[in-house]
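Report on the following structure.
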Amino acid sequence: MNHLAELAERDAVGEVAELYADIRAVLGTSFVNLVYRHLATEPEQLAWAWRAVRPHMVDGALAAQATRLGDAVGRQIDAWTLPPADRLQHHEDVGRLVGMYNQANTLNLLAMTHLLSVGPSRKTAPTAAAGPAAARPVASAPAAGSRALPGVPAMDALTDAQRASVARLNRLGEDTEPTIIASLYRHLAAWPDGLSFAEAVLAPLDERGLLAGARVAAFAAARELVHEEPLPMPPAPAAFVDRFGATLGQLAGTTISKMLPIGQLLQAALSRAS
């Protein structure tokens with residue numbers, strides 16, 4: 001499996017650490033999604049991208065679109081029969097984690113699709129200020145007293161068995177060998193039975209070809225929303241498009257799009273097993 005270049009949260013300092021804190025606060029998550037960790041390999045490009053999408057995160061525009069996108073994905077998978085799965089040892093923690101990914105992934109898919117729909121500029125366009133990290137989150141913050149969730153483990157910190165499980169899961173919903181590892185699978189390795197639970201739920205559905213179809217439909221629904229309700233975005237600097245355009249297109253069109261139905265399926269399976 002290829003490792004997409006990223007700046008881990010534990011390695012972030014200075015402006016990137018501040019941006020990471022703001023991303024977590026605005027999205028209401030305990031982690032920073034891969035799309036931003038990848039952009040952080042060039043901090044000035046992360047700063048530009050976040051400042052371009054952030055105003056639409058906090059004013060409710062993206063949240064409204066995300067609700068509609070999540071509903072569209074949910075309608076497609078509602079009729080599917082989920083395979084049986086046992087209750088997890090750390091059921092509540094995994095449920096919180098999956099819920100965070102579902103909300104953040106839906107918002108991020110739309111945000112990146114909006115960004116990629118704007119043509120490049122040959123000069124850096126003015127952007128809105130990032131603002132304070134205490135901005136109203138678009139996703140639900142963890143409940144007071146909730147146990148802190150572990151961070152995203154590095155692949156080389158996993159056992160051989162865990163890496164093999166991550167690889168199997170990461171192939172689900174894709175037509176060719178994946179080139180980007182979905183962070184949720186790495187994150188699930190923090191719990192001994194997290195990866196096996198996901199495989200039990202998802203593998204039978206993938207064998208029927210359902211996950212690939214749902215991935216394509218999720219991305220099509222996101223593009224339709226962006227086309228119907230465009231949001232004002234500054235033109236992307238040419239350096240941003242040249243450096244990150246292709247990878248962001250892959251993240252949006254494949255990796256994040258497949259994780260929308262997958263995340264909802266895992267959430268449904270967790271709810272049923274509770």
Side-chain angles (χ1 to χ4, degrees), residues 1-4 33-35 38 65-85 94 97-99 101-114 116-117 155 162-189 194-227 245-272:
M1 291 183 294
N2 293 334
H3 294 253
L4 190 64
N33 290 98
L34 176 60
V35 63
H38 177 55
Q65 292 184 0
T67 296
R68 292 170 58 189
L69 177 57
D71 289 346
V73 172
R75 285 192 296 272
Q76 182 178 14
I77 66 177
D78 275 348
W80 297 1
T81 300
L82 294 179
V94 174
L97 181 80
V98 171
Y101 270 97
N102 288 348
Q103 294 186 79
N105 278 337
T106 311
L107 287 160
N108 292 331
L109 174 56
L110 287 163
M112 293 305 118
T113 305
H114 277 291
L116 294 171
S117 71
M155 282 294 291
Q162 288 172 327
R163 283 193 293 270
S165 182
V166 169
R168 290 193 300 271
L169 283 164
N170 202 52
R171 294 187 187 101
L172 304 182
E174 297 206 30
D175 300 322
T176 58
E177 188 66 20
T179 59
I180 297 174
I181 304 170
S183 288
L184 174 60
Y185 297 138
R186 286 166 53 188
H187 224 148
L188 286 174
L195 293 172
S196 58
F197 178 91
E199 282 200 73
V201 171
L202 299 173
L205 299 172
D206 188 68
E207 289 174 1
R208 296 162 56 191
L210 295 174
L211 298 186
R215 180 202 79 225
V216 173
F219 187 47
R223 286 187 296 177
E224 183 177 356
L225 274 169
V226 168
H227 176 73
T247 305
L248 291 184
Q250 190 173 16
L251 278 164
T254 301
T255 310
I256 306 177
S257 289
K258 76 176 179 181
M259 297 311 295
L260 263 60
I262 283 172
Q264 285 202 25
L265 288 163
L266 290 176
Q267 202 161 27
L270 288 162
S271 177
R272 190 184 66 178

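Keep in mind that this is a model prediction, so the values were computed, not measured.
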Please tell me if the side chains of [X] and [Y] come closer than 4.5 Å, counting only heavy atoms from C-beta onward.
X: Val166; Y: Leu188; result: no
X: Val226; Y: Leu110; result: yes
X: Leu116; Y: Thr113; result: no
X: Leu184; Y: Leu266; result: yes

Those residues that, when tested against [X], pass side chain to side chain contact (heavy atoms under 4.5 Å, CB included) (two or more places apart):
X: Asp78; answer: none
X: Thr254; answer: Glu174, Arg215
X: Glu224; answer: Glu228
X: Asn102; answer: Val98, Gln267

### Task
Evaluate the side chain to side chain contact (heavy atoms under 4.5 Å, CB included) criterion for residues Leu251 and Leu4: first the C-alpha distance (whole Å), next the side-chain angles of each, then the deciding distance (0.1 Å), finally the verdict.
CA-CA 10 Å; Leu251 278 164; Leu4 190 64; 4.1 Å; yes

Spacing of [atom1] belonging to [X] relative to [atom2] belonging to [Y], to within rounding of 0.5 Å:
X: Arg186; Y: Leu195; atom1: CZ; atom2: CG; value: 12.0 Å
X: Leu265; Y: Leu270; atom1: CG; atom2: CG; value: 11.0 Å
X: Gln65; Y: Leu107; atom1: CD; atom2: CG; value: 10.0 Å

How would you list, by chain and number, every residue that makes a side-chain hydrogen bond (donor to acceptor under 3.5 Å, both in side chains) with [X], sequence neighbours excluded?
X: Thr247; result: none
X: His38; result: none
X: Arg223; result: none
X: Gln264; result: none

[X] and [Y]: which non-hydrogen atoms are nearest, and at how many Å?
X: Val73; Y: Ala218; answer: CG2-CB, 4.0 Å
X: Arg171; Y: Pro178; answer: CA-CG, 3.7 Å
X: Ala214; Y: Trp80; answer: CB-CH2, 3.8 Å
X: Ala221; Y: Leu69; answer: CB-CD1, 3.7 Å

### Task
Scan residues 248-269 for pairs that pass ring-ring contact (aromatic ring centres under 6.0 Å, His included), counting only residues two or more places apart or in two chains.
none

### Task
Using the test ring pair (Phe, Tyr, Trp, His ring centres under 6.0 Å), find all partners of Tyr185 that sit at least two apart in sequence or belong to another chain.
none

### Task
Go through the steps to decide whether Phe219 and Leu109 satisfy the test side chain to side chain contact (heavy atoms under 4.5 Å, CB included), and finish with yes or no.
CA-CA 8 Å; Phe219 187 47; Leu109 174 56; 4.1 Å; yes

### Flag, side chain of Lys258 to backbone of Asn170, donor-acceptor distance under 3.5 Å
yes

### Query
Would you find a donor on one side and an acceptor on the other, under 3.5 Å apart, between the side chain of Asn33 and the backbone of Asn105?
no

Would you tabulate the side-chain donor-acceptor contacts of residues 196-211 under 3.5 Å, counting partners in other chains and residues two or more places apart, or write 'none'?
unit_1	atom_1	unit_2	atom_2	d
Ser196	OG	Asp193	O	3.1
Glu199	OE1	Arg168	NE	3.0
Glu199	OE2	Ser165	OG	2.8
Glu199	OE2	Arg168	NE	3.4
Glu199	OE2	Arg168	NH2	2.8
Asp206	OD1	Gly173	N	2.8

